[in-house]
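Since the structure comes first, as structure tokens, the remarks are kept for the end.
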Amino acid sequence: MSAFWTYEFLRYSLFTSMMIGVLAPVMGVFVVVRRMSLMADALSHITLTGIAFSLLIGRWHPPAAAWNPVYMGMVFAVGGSVLIDRLRRIFMHYKEAAITIILSGAIGVGVVFISLADGFNTDLFSYLFGSVSAVSRTDFFIILILSSVVLLLLVLFYKELFFLSFDEEQAVASGIPRQRIHALFIVMTALVIGLSMQIVGILLVSALMTLPVAAAMRFAGSFKQLFIYAAVIGEVCVLTGLFAAFYLDTAPGGTIVLLNTLVLVLSIAVSKAAGKEAV
Amino acid sequence: MSTEEIVAMDHVSFKYGRQNVLDDISLHVKKGSFLGLVGPNGSGKSTLIKLLLGLHKQQDGTIQLFGEDHRRFRGWSRVGFVSQKAASFNSGFPATVKEVVSMGLYGKKGLFRFLTKKDRQRVEEALEKVGMREYKNKTIGQLSGGQQQRVFIARALVSDPELLILDEPTVGVDAESVQNFYTLLKELNEQQGMTLILVTHDIGAMSSYVTDVACLNKCLHYHGGIVDYEENREELMNRMYGHEVNVIEHNHDHHHHSHDHDHDDLHGGRPG
């Protein structure tokens with residue numbers, strides 16, 4: 001445990017993980033209840049495309065190699081979310097197709113970028129599966145600021161997001177500006193994905209947003225409780241997973257998600273035993 | 001009943017693609033009236049309501065709410081709306097009755113404002129009105145259809161609307177609850193002077209509660225007091241339901257057929 005206090009990079013990883021452990025599930029509550037879990041998955045893959053693009057630029061133009069590719073990833077995720085939204089309007093009755101189109105398109109482009117940028121290397125590997133050593137002091141402060149912004153927005157727009165998630169038609173009828181709130185929501189989701197992937201990696205980031213929420217849903221007696229339970233489950237899994245990974249020498253991202261899955265399975269078993277059926 | 005007009009629709013027509021759903025409707029609703037809007041399934045009732053609420057983009061004609069062009073109208077909290085049961089809400093949603101009713105205040109509050117103690121008081125009062133106060137901490141999914149519907153009424157009432165619009169609110173609700181429900185509406189109308197528009201295809205059940213009736217089947221066949229309506233009822237029914245047979249014969253396209261149950265995306269109504 002003392003290693004976390006001795007090495008600065010581990011300390012920043014720990015602080016970052018603690019923030020993400022709360023932020024991802026809290027944002028995930030809205031992602032899940034709006035039935036957009038798959039959207040989160042698509043956005044995380046678009047983030048990969050952005051990262052590959054950033055690595056490619058770094059190769060062509062060496063000074064750019066100093067940029068943290070994650071920020072380019074976030075830019076791509078926001079751009080991709082706008083595209084998904086456009087496509088959802090074109091395929092009005094087949095909305096989920098929009099997600100698949102963008103997801104596979106993004107992977108296609110991403111893989112091409114990766115091959116141009118010299119193929120897979122350890123750098124890319126850490127973006128795919130997460131890496132605790134990837135968090136620098138600057139990263140930490142940027143993550144801190146962005147996380148605070150997202151949390152603040154969540155508090156400010158809680159009413160609107162809640163109403164739109166529960167019953168979109170009624171929300172619009174009562175004068176809530178659906179399109180603007182939705183756009184904001186997507187941008188926030190893209191940001192949270194970009195922030196969370198530093199810890200668990202792109203392939204596992206949507207798990208961090210959905211698994212704690214799914215587990216919390218089995219017990220939550222109100223919408224407020226759902227937030228609290230999801231945040232607690234998320235935080236406990238992230239911290240336990242991080243320490244476990246450190247001592248067992250396993251991949252932190254995978255360990256965290258594994259713990260989340262375990263909690264989810266337990267919560268289903270326990271709530272079933274208590275007589276609760278489907279949600 | 002005063003002469004002030006809460007709703008004024010003039011020459012309103014609406015098409016889904018090439019399908020004519022509403023044809024030259026002029027409908028005026030005076031303050032303090034309780035209008036029963038009746039018509040067979042697919043007669044355009046829900047479309048009319050959605051136009052009124054700005055959920056569909058207006059095509060032809062003019063619509064005024066509280067004397068203001070409804071495209072410029074911003075006082076949506078003066079209008080309460082209860083849609084068809086289970087129309088668009090997700091019953092597995094982990095929200096309590098209190099949380100659901102609070103939503104009724106969100107539009108009025110506006111952005112960046114939180115609920116105050118007084119607001120929470122109003123939520124309790126609205127629940128009291130519909131007799132659901134004891135269920136306030138239950139989640140919405142734990143309630144029966146009739147109870148859920150009462151919660152949604154409370155949500156519409158919590159912002160003290162001057163106009164309450166109900167779209168087939170009693171579908172799937174048991175008979176006893178329906179009676180209680182109509183009695184509640186009559187009280188709101190008579191004691192608080194609330195203007196009500198009740199959309200239904202069940203003309204019989206509501207006839208002893210409403211003050212006015214409008215019969216719709218693509219065009220407006222009748223609009224007037226309930227007494228006149230009762231006298232001319234038979235002839236009206238023949239006209240309206242005769243018309244419906246034609247509509248069905250010429251309409252095999254499922255999507256266009258189910259306007260009253262059209263809960264798809266809001267067809268380009270109010271922008272964000």
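All figures in this text were calculated on a predicted structure; none of them were measured in a lab. A note on names: the letters A, B, ... follow the listed sequences, proteins ahead of strands, and every chain is numbered from 1.
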- prompt: Which bit of Leu226(A) is near chain B, if near means a heavy-atom gap under 4.5 Å: side chain, backbone, both or neither?
  reply: side chain

message: Is the ring pair Tyr106(B)/Phe163(A) parallel, tilted or perpendicular, if the boundaries are 30 and 60 degrees?
response: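 Ring orientation, 0 to 90° scale: perpendicular.
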
message: Below 30° counts as parallel, above 60° as perpendicular, anything between as tilted: where do the rings of Phe166(A) and Phe152(B) land?
response: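 Tilted.
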
task: Using a cut-off of 6.0 Å, state whether more than 12 heavy atoms not belonging to Lys136(B) lie near its atom NZ.
output: yes

message: More than 12 heavy atoms of other residues, nucleotides or ligands under 6.0 Å from NZ of Lys138(B): yes or no?
response: no

message: Can you tell me how far apart NZ (Lys159(A)) and CG (Leu115(B)) are? Round to the nearest 0.5 Å.
response: 7.0 Å

Are the side chains of [X] and [Y] in touch, meaning some heavy atoms are under 4.5 Å apart?
{"X": "Ser102(B)", "Y": "Phe162(A)", "result": "no"}
{"X": "Gln170(A)", "Y": "Met103(B)", "result": "no"}
{"X": "Phe93(B)", "Y": "Asp167(A)", "result": "no"}

Which bit of [X] is near chain A, if near means a heavy-atom gap under 4.5 Å: side chain, backbone, both or neither?
{"X": "Ile140(B)", "answer": "side chain"}
{"X": "Val97(B)", "answer": "neither"}
{"X": "Arg155(B)", "answer": "side chain"}

On a heavy-atom basis, which atom in [X] and which in [Y] lie closest, and how many Å separate them?
{"X": "Pro94(B)", "Y": "Ala220(A)", "result": "CB-O, 4.3 Å"}
{"X": "Glu169(A)", "Y": "Lys50(B)", "result": "OE2-CE, 3.1 Å"}
{"X": "Ser222(A)", "Y": "Thr96(B)", "result": "CB-CG2, 3.2 Å"}

message: Sub-4.5 Å heavy-atom contacts with chain B: which residues of residues 20-39 of chain A show up?
response: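 Near chain B, by residue number: Val33(A), Arg35(A).
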
- prompt: Does Phe157(A) have any ring pair (Phe, Tyr, Trp, His ring centres under 6.0 Å) partners at least two apart in sequence or in another chain, and if so, which?
  reply: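 Residues passing ring pair (Phe, Tyr, Trp, His ring centres under 6.0 Å) with Phe157(A): Phe112(B).
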
